[in-house]
Amino acid sequence: MQTNNKQNKHLSDLSFNEQCYLLLRKIPKGRVTTYKAIAEALGTKAYQAVGNAMNKNPNPINVPCHRVVNTDGRLGGYAFGLEKKMALLTKEGVVVAEGRIVDFKNVFFDFQDLSD
DNA sequence: GGAATGACATTTA
DNA sequence: CTAAATGCCATTC
């Protein structure tokens, strides 16, 4: 690859992390998804890679990265601070207790729901 | 081109 | 149920 070319943005060829952001934007308020769901939605198993993309968090304002949690229903982590993430989710209407989401399945947003 | 990292997931003890 | 170990994939140094 070129030594230094970070600005190489091919609109027709979105990077893995770019696609993750697109999916996050589809997530409605009060709903949460998992890293696994995103990875699977992209046709891969890069669960950790998805979280990695969030950690870079190039645009936390356009992407609700706080709506992404672990499959266990736990918050996982947050670049701005786990406390902030929990606060945001709570404000969105998601109930969080003991560090995990209550009725996780109820607030879980499945991307497959969009295909229909 | 290769090693190291990470906001994960799954299995086994 | 909790803890540890292993696997997996993409990005970054």
Side-chain angles (χ1 to χ4, degrees):
Chain A
M1 306 178 166
Q2 310 296 341
T3 40
N4 50 358
N5 244 354
K6 322 173 60 168
Q7 286 290 311
N8 272 5
K9 266 190 105 174
H10 300 273
L11 302 176
S12 299
D13 191 41
L14 295 175
S15 296
F16 180 84
N17 101 2
E18 289 283 336
Q19 298 190 52
C20 297
Y21 308 142
L22 292 177
L23 290 173
L24 294 195
R25 278 193 189 181
K26 298 176 183 180
I27 301 176
K29 190 158 57 160
R31 281 278 161 69
V32 294
T33 187
T34 69
Y35 304 95
K36 181 175 164 51
I38 298 173
E40 292 272 305
L42 295 177
T44 182
K45 285 90 183 171
Y47 313 130
Q48 188 141 38
V50 176
N52 226 350
M54 303 290 100
N55 183 266
K56 304 316 175 61
N57 209 348
N59 48 354
I61 300 154
N62 304 326
V63 182
C65 18
H66 61 271
R67 291 182 189 148
V68 188
V69 297
N70 291 358
T71 51
D72 296 10
R74 298 212 161 158
L75 300 182
Y78 194 56
F80 279 75
L82 198 58
E83 306 275 327
K84 195 74 176 180
K85 185 175 186 176
M86 175 170 55
L88 283 165
L89 289 172
T90 303
K91 282 213 269 209
E92 297 290 319
V94 180
V95 184
V96 182
E98 298 295 303
R100 67 187 182 111
I101 297 176
V102 181
D103 294 324
F104 176 56
K105 290 166 54 74
N106 195 31
V107 294
F108 176 73
F109 178 79
D110 204 326
F111 294 102
Q112 300 219 11
D113 200 47
L114 297 169
S115 298
D116 189 53

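A note on names: the letters A, B, ... follow the listed sequences, proteins ahead of strands, and every chain is numbered from 1.
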Practice problem: Kindly say whether A:V68 contributes a backbone atom to a donor-acceptor pair with the side chain of A:K85 at under 3.5 angstrom? | Solution: yes

Within the structure, does a side-chain N or O atom of [X] lie under 4.0 Å from either OP1 or OP2 of [N]?
X     : N      : answer
A:N55 : B:dT5  : no
A:K56 : C:dT11 : no
A:T71 : B:dA9  : yes

What's the [atom1]-[atom2] distance between [X] and [N], to the nearest Å?
X     : N      : atom1 : atom2 : result
A:K84 : B:dA7  : NZ    : P     : 20 Å
A:Q48 : B:dT10 : CD    : C1'   : 13 Å
A:R67 : B:dA7  : CZ    : C1'   : 16 Å
A:Y47 : B:dT10 : OH    : C1'   : 9 Å
A:N70 : B:dT10 : CG    : C1'   : 13 Å
A:N57 : C:dT12 : CG    : P     : 13 Å
A:R74 : B:dA9  : CZ    : P     : 12 Å
A:K45 : C:dT6  : NZ    : C1'   : 18 Å

Quiz item: Could you give the distance from CG (A:L24) to SG (A:C65), rounded to the nearest 0.5 Å?
Solution: 7.0 Å

Quiz item: Where does DNA chain B pair, written as one dot-bracket string 5' to 3', with Watson-Crick or G-U pairs under 3.5 Å, ( ) inside the strand, [ ] for crossing pairs and | for another strand?
Solution: .|||||.||||||

Quiz prompt | A:L23 to A:A41 - nearest heavy-atom pair and separation | solution =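 The pair with the smallest heavy-atom distance is CD1-CB, 3.9 Å.
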
Quiz item: Which comes earlier along DNA chain B counting from the 5' end, the contact point of A:V50 or that of A:V69, where each point is its nearest nucleotide?
Solution: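 Mapping each residue to its closest nucleotide by heavy atoms, the 5'-most match is A:V50.
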
Proximal nucleotide (of [options]) relative to the [X] side chain:
X     : options              : answer
A:T34 : C:dT2, B:dA9, B:dG6  : B:dA9
A:K36 : B:dA9, C:dC9, C:dT11 : B:dA9
A:S15 : C:dT11, C:dC9, B:dA9 : C:dT11

Quiz item: Do A:I27 and A:F111 have side-chain heavy atoms sitting under 4.5 Å apart?
Solution: yes

Self-check item: Geometric class of the A:F80/A:Y78 ring pair [parallel <30°, tilted 30-60°, perpendicular >60°]
Solution: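 The arrangement is tilted - the two ring planes meet at 30° to 60°.
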
Quiz item: Take atom CZ in A:R74; do more than 12 heavy atoms of anything else shown fall under 6.0 Å from it?
Solution: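 Open: at most 12 neighbouring heavy atoms sit under 6.0 Å from CZ of A:R74.
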
Self-check item: Polar side-chain contact A:Y35-B:dA9 base: donor and acceptor under 3.5 Å
Solution: no

Quiz item: Is A:N52 touching bases, backbone alone, or none of the nucleic acid, heavy atoms closer than 4.0 Å?
Solution: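 Touches a base.
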
Practice problem: Identify which one of A:V95, A:D72, A:L75 satisfies the side chain to side chain contact (heavy atoms under 4.5 Å, CB included) criterion when paired with A:I101. | Solution: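 Per the side chain to side chain contact (heavy atoms under 4.5 Å, CB included) rule, the option paired with A:I101 is A:L75, out of A:V95, A:D72, A:L75.
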
